[in-house]
Q: 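One structure is given below, represented as structure tokens, and several questions about it will come after.
Note that ligands are numbered from 1 as they come in the structure, with each ligand's atoms numbered from 1 the same way. Note: hydrogens, waters and symmetry copies are ignored here, and every other heavy atom, side chains too, is used.
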Amino acid sequence: MIKENSIGVFDSGVGGLTVLKEMVKLLGNEDYIYFGDNLHAPYGERSNSDIKSLSFKIADFLVLNKCKMLVIACNTIVASAFEDIKKRYNIPIIEVVSNGVKAAVSVTKNNNIAVMATPFTVSTDVYSRTIKSINANASVTEIPCKTLCAMIESVWGNSDEHYDALKEYVSEIPQNVDTLVLGCTHYPIVINDIKKCFDKNIVDPAYETAILSKEVLEQNNLLNSKGTKGNIIFYTSGDTEVFKFLGENILGFSLENIEHIKL
Ligand code: DGL
């Protein structure tokens, strides 16, 4: 594998941009290919076989485009297909769930953790299992947030309807919980609204994911050594204008290279 090759980052839609943002801050001279399958989002209400076959298509595309590492910036894909994706390719694969878990376990003071995630992710218990494998004393409440991803994909804005739905989900967090994991990469996009409803620790796995990505690139001698700013190409299976609007809000810089692609 060649150091100069891109890092592939992917999600069902724009949620993975919250991870890309942290990666660009830490690894600004790397080139990236981002893939958002906006046409088929939300994945969180799809079947396991659907999620697997869509994510294989995306990962195949990124590997065909010579990505040197893949970052699965989607909890739902991790819950469904991480083990299969790991077996399918011979390059480092990074994922968000274990990084969110690591952060939550180190931050909680009373071992009471809640996770907001998609219905699919919650149905797999991936967070409870992973948290308990590190801290057997932890108590984990997972809250399926059926409508949030679609609301965020269709532009969140200041709508009361969206905020009410969010409040309803947050109200399911038990009183004794001191740490909330955002177990869907779309949720950090509305973290300011989440903070209005929950005033204790909030974990966004993006930062830890970026740190681990850097470590893994170092270990594999794959860090790009060029001294100039990296390039990012965005692919979306959805509408490029909507992607550009949402993406620029999330990333805070203008997106130049957005291509529409059929999946
Ligand atoms: N952003 C994704 C996640 O982290 C997927 C949300 C969805 O498509 O339902 O789970």
Side-chain angles (χ1 to χ4, degrees), residues 8-23 34-59 70-82 85 93-101 103-104 114-130 142-156 162 165-166 169 180-191 194 202-210 213 234-239 242-243 246-247 249-251 263:
V9 181
F10 63 109
D11 178 45
S12 64
V14 293
L17 295 174
T18 59
V19 177
L20 180 69
K21 184 175 185 175
E22 293 304 320
M23 297 194 60
Y34 182 89
F35 198 116
D37 187 13
N38 302 70
L39 181 68
H40 299 104
Y43 276 18
E45 290 171 60
R46 289 184 174 275
S47 68
N48 192 25
S49 63
D50 239 19
I51 300 167
K52 275 192 185 174
S53 80
L54 289 167
S55 51
F56 289 164
K57 281 188 196 169
I58 301 172
L70 296 184
V71 178
I72 311 175
C74 176
N75 295 264
T76 309
I77 296 177
V78 177
S80 164
F82 176 55
I85 291 175
I93 316 279
I94 305 291
E95 50 79 34
V96 277
V97 172
S98 58
N99 287 294
V101 166
V115 183
M116 286 168 67
T118 67
F120 182 85
T121 302
V122 171
S123 75
T124 66
D125 288 333
V126 66
Y127 269 97
S128 303
R129 284 186 280 113
T130 316
E142 296 190 59
I143 300 159
C145 304
K146 191 168 161 33
T147 56
L148 279 191
C149 173
M151 286 176 165
I152 294 167
E153 281 282 320
S154 67
V155 183
W156 182 258
H162 294 173
L166 178 60
Y169 295 128
L180 169 64
V181 182
L182 304 184
C184 168
T185 53
H186 281 74
Y187 305 164
I189 298 169
V190 297
I191 195 166
I194 297 174
I202 299 181
V203 168
D204 167 4
Y207 177 69
E208 268 72 20
T209 304
S213 300
F234 298 90
Y235 289 95
T236 172
S237 57
D239 185 299
V242 176
F243 188 92
L246 291 170
N249 267 327
I250 296 162
L251 290 168
L263 191 72

Q: What orientation do Phe35 and Tyr235 show, parallel under 30°, tilted 30 to 60°, or perpendicular over 60°?
A: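 Ring orientation, 0 to 90° scale: parallel.
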
Q: By salt bridge (Lys or Arg N to Asp or Glu O under 4.0 Å), which residues pair with Glu22, not counting sequence neighbours?
A: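 Per chain and number, Glu22 pairs via salt bridge (Lys or Arg N to Asp or Glu O under 4.0 Å) with Lys25.
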
Q: Could you pull out every protein residue that has a heavy atom closer than 4.0 Å to ligand 1, ordered by chain and then number?
A: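 Shell around ligand 1 (4.0 Å, heavy atoms): Asp11, Ser12, Pro42, Tyr43, Gly44, Cys74, Asn75, Thr76, Thr118, Cys149, Cys184, Thr185, His186.
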
Q: Would you name the heavy atoms of Ser55 and Ile77 that are closest together and state the gap between them?
A: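 Heavy atoms of Ser55 and Ile77 come nearest at CB-CG2, 3.5 Å.
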
Q: Using side-chain heavy atoms (C-beta onward) and a distance below 4.5 Å, is Val242 in contact with Asn38?
A: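 When only atoms from C-beta onward are counted, Asn38 and Val242 do not touch, as no gap falls below 4.5 Å.
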
Q: List in chain and number order the residues that pass side chain to side chain donor-acceptor pair (under 3.5 Å) with Asp50, two or more places apart in sequence or in another chain; answer none if no residue qualifies.
A: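 Here the qualifying residues are Arg46.
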
Q: Please identify each residue that fulfils side chain to side chain donor-acceptor pair (under 3.5 Å) with Tyr187, with sequence neighbours left out.
A: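 Counting only residues at least two positions away or on another chain, Tyr187 forms no side chain to side chain donor-acceptor pair (under 3.5 Å).
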
